[in-house]
Amino acid sequence: MSTDVVRARFAPSPTGYLHVGGARTALFNWLFCRKHGGRFIVRIEDTDILRNIEGAERKLLDDLTWLGIEPDEGPDQGGPFGPYRQSERRDLYDAAVAKLLDEGKAYYAWDTPEELDTLRKQAQAEKRTFRYPRPSVLPTKSEADRARAEGRSVVVRFRVPDEPITVQDEILGDVTFGAGEMEDLVILKSNGWPTYHFAVVVDDHHMRITHVLRAQEHLMNTPKHVFMQRALGYEPPKFAHLPLVFNIDGTKMSKRDKHKVVRKAARDLLKAKTWTPDDVARIAQATVKATEAWLDKADTELDMEQVTRLAVAANVVIPEIDVHDFKLSGYLPEALTNFVALIGWSPGGDREMLTRQEMVESFTLDRINKTAGRFDREKLLAVNTVYCSEAKPERLLAAFRDWAAATGSAMQSLDDATLTRVLELCKGMRTLADVEYKAGVLFAADESVVYDADAVTKILLKKDGQGYGVLEKLLTALSAVSEWSEQVINTAIKMLAESAGVSMGDVAQPLRVAIAGRAVSPAIAESLALLGRDKTLARIKRCLAQRTQHV
RNA sequence: GCCCCCAUCGUCUAGAGGCCCAGGACACCGGCUUUUCAAGCCGAGAACCGGGGUUCGAAUCCCCGUGGGGGCACCA
């Protein structure tokens, strides 16, 4: 490129939420641009009209924003080389196709899918690698028109030069492909839309893309792209193929994993005769026919809501795959990006926790690995824990509000002061969701407290119901507390434990079960302070009243 | 089947010929702390895929093998 301004892009298809793998690709492109004072472009690759999903583009863009990966040019912000949706750039592709056709570098073809399929099978039977057989004499335009008039579907294929090619990759080094290893690929589909390969080449040129950082699964596409760039007289950009990201078990991370986990659980329950096929359908709120097809691996038969219902009933956790999933699970965007940056890249030394600015400063292509990495959720959790504990109160508050709004948590209604206090009380949290898990009951209605059977047995009933005895004493003691503050409450509880000759745990635990229904809550005195005297006493009474049921 | 890429603890990685009988982080195990759950603190174990070279010297360079992965659409 004649200009020395770095321009890199992230080019997702609007087929769903942003995948974490895609997020990493986007992040690396963004970091690279920031590092070099370049421009980060987002382009929507929506040439496959059938696969486009309504609303997906918005979600994709919103997820990027949430991650702090803001485009300099894109559908939202526009820019000098727009439009930034391929569906709006048809004329560019048409012109480029016409040029290639004119110069004999591309040609018409009208084989039916069935014909191609037959040829492929034939090749397979003969243990031969199938490559589209280029006709020795290329069809003319009028022949193509005639075929079209006869109802044939006409495509345009690129005539791949019969010569070896070496692709220079900034990460992998030189990669050479032998002559005749690529077939004449379709560049214009019969519906008039360009294929991915062609649109990418044309757009990267017109958008002045200087660097293509993409996943390694695209490596084999690169020679095709370079051939096309040469044929069109474009200067190829620099390429850098990023190592892939897999699940911890080495399988590909895909949206299907969500179905897979739930399907396995459902099958196990069916096998154990815990569920019947009718149960599955009832729980999912779908037809038996649909659930059976789904159980037989037809992902599309059930939507995510139905699958989620099954997951809840089967008590399995659906793995997070999309950025949005991680958001709902309570991860901080800065933790997610930090973690994901570390798969296939490292800043060197023993550094791991980096601010975005530090990442930008230390980001170089030569520090990107060639080896595929695995997505270790445990490590992500650890990174998130560190981010939560190091976040400033304001940041944590904002992140929690963001999370609460996204999940529809009831804690949304709390005021800033209270929430800040709760967040402080919950320090040590691994995710934002932990906050609700731990402190949510304190803000719920008294009647909604459900007593965990295990906690009741272990804490209230043991030693002949010692726990209940403590609660009765607590009722009196707490009623008499002069001032309802954490300090005074704490003193009252301690004194009670001392005079009764029991440990702090013997008092705090029953009290915790009384107010929270289980053995988990923030520090007891703080919890009571937050709950308020009336509700505390009411909950203790309610717990005592249910004693008979417990026994 | 054909083409291509890759190879350090269970996982992510540091390591660009001697600084490495290999360092960090997560996980795991043991312990401490503790009114719960988390968090925190201390400690232990844990790897250069195999075989040949090159070199005074190789985790680092070369070759072969093995293993893992990716790609072979009118999907992107």
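In what follows, chains carry the letters A, B, and so on, assigned in the order in which the sequence lines appear, proteins first and then strands, with residues in each chain numbered from 1.
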### Task
On RNA chain B, reading 5' to 3', which nucleotide is the first and which the last to sit with an atom under 4.0 Å from a heavy atom of chain A, could you check?
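First-to-last contact on RNA chain B, by the 4.0 Å heavy-atom rule, is B/C2 to B/A76.
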### Query
Which nucleotide, in any strand shown, forms a Watson-Crick or G-U wobble pair with B/C49, with both distances under 3.5 Å?
B/G65
### Summary
If pairing means Watson-Crick or G-U wobble with both distances under 3.5 Å, then the partner of B/C37 is none
### Message
Once rounded to the nearest 0.5 Å, what's the spacing between atom CD of A/Q509 and atom NZ of A/K458?
### Response
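Nearest 0.5 Å value for the CD-NZ distance: 11.0 Å.
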### Task
For RNA chain B, find the residues of residues 498-510 of chain A with a heavy-atom distance under 4.0 Å and give them by number; none if there aren't any.
A/M504, A/G505, A/A508, A/Q509
### Task
Determine the interatomic distance between P on B/C6 and the same-named atom on B/C62; round to the nearest Å.
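B/C6 and B/C62 have their P atoms separated by 11 Å.
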### Query
Salt-bridged, A/E115 to A/R120, with N to O below 4.0 Å?
no
#### Entry: Opposite nucleotide pairing with B/U55, Watson-Crick or G-U, both atom distances under 3.5 Å
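Partner of B/U55: none.
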### Task
For B/A16 versus B/U11, give the span between their C1' atoms, rounded off to a whole number of Å.
24 Å
### Message
Could you work out, with salt bridge (Lys or Arg N to Asp or Glu O under 4.0 Å) as the rule, every residue matching A/D299, not counting sequence neighbours?
### Response
A/R256, A/R263
### Residue list, ring pair (Phe, Tyr, Trp, His ring centres under 6.0 Å) with A/F443, at least two apart or on another chain
none
### Task
Give A/R51 one of three labels, base, sugar-phosphate or nothing, depending on what nucleic acid heavy atoms sit under 4.0 Å from its own.
base
### Span that lies between the P atom of B/A46 and that of B/G23, in whole angstrom
11 Å
### Message
Say we look at B/G69 and B/C32: how far apart would their C1' atoms be, to the nearest angstrom?
### Response
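Here B/G69 and B/C32 have their C1' atoms 44 Å from each other.
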### Message
My understanding is that only residues two or more places apart in sequence, or in another chain, count here; which of them pass salt bridge (Lys or Arg N to Asp or Glu O under 4.0 Å) with A/E126?
### Response
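Partners of A/E126 under the salt bridge (Lys or Arg N to Asp or Glu O under 4.0 Å) test: A/R128.
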### Message
Applying salt bridge (Lys or Arg N to Asp or Glu O under 4.0 Å), can you list everything that pairs with A/E181, at least two apart in sequence or on another chain?
### Response
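So A/E181 forms no salt bridge (Lys or Arg N to Asp or Glu O under 4.0 Å) with any residue.
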### Task
Would you classify A/P243 as touching base, sugar-phosphate or nothing, given that sugar-phosphate means primed atoms plus P, OP1 and OP2, and contacts are heavy atoms under 4.0 Å?
nothing
### Query
With a 4.5 Å limit on heavy-atom distance, are the side chains of A/R43 and A/M207 in contact?
yes
### Query
Between A/R395 and A/E334, is there a salt bridge with N-O shorter than 4.0 Å?
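Judged by the 4.0 Å cut-off on N to carboxylate O distance, A/E334 and A/R395 do form a salt bridge.
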### Task
Could you give the distance separating B/C74 and B/G70 at their C1' atoms, to the nearest angstrom?
23 Å
### Message
If I pick the C1' atom on B/G71 and the same atom on B/C63, what distance separates them, to the nearest angstrom?
### Response
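B/C63 and B/G71 have their C1' atoms separated by 26 Å.
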#### Entry: Euclidean distance for P, B/G40 against B/C21 (whole angstrom)
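So the two P atoms sit 32 Å from each other.
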### Task
Taking atom C1' in both B/U13 and B/U54, compute the distance separating them and give it to the nearest angstrom.
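That atom pair is separated by 29 Å.
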### Task
Tell me the partner of B/C28, counting only Watson-Crick (N1-N3 plus N6-O4 or O6-N4) or G-U wobble (N1-O2 and O6-N3) with both under 3.5 Å; none if nothing fits.
none
### Query
Is the closest basic N to carboxylate O distance between A/R134 and A/E183 below 4.0 Å?
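Looking at A/E183 together with A/R134, the answer is no, because their closest N to O distance does not fall below 4.0 Å.
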### Query
Is it true that A/E45 and A/R85 make a salt bridge, defined as a side-chain N closer than 4.0 Å to a carboxylate O?
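Here A/E45 does not pair with A/R85 in a salt bridge, since their nearest N and O are not under 4.0 Å apart.
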### Task
Find the partner of B/C72: check Watson-Crick (N1-N3 plus N6-O4 or O6-N4) and G-U wobble (N1-O2, O6-N3) distances, both under 3.5 Å, and reply none if neither fits.
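Across all strands, the one nucleotide that pairs with B/C72 is B/G1.
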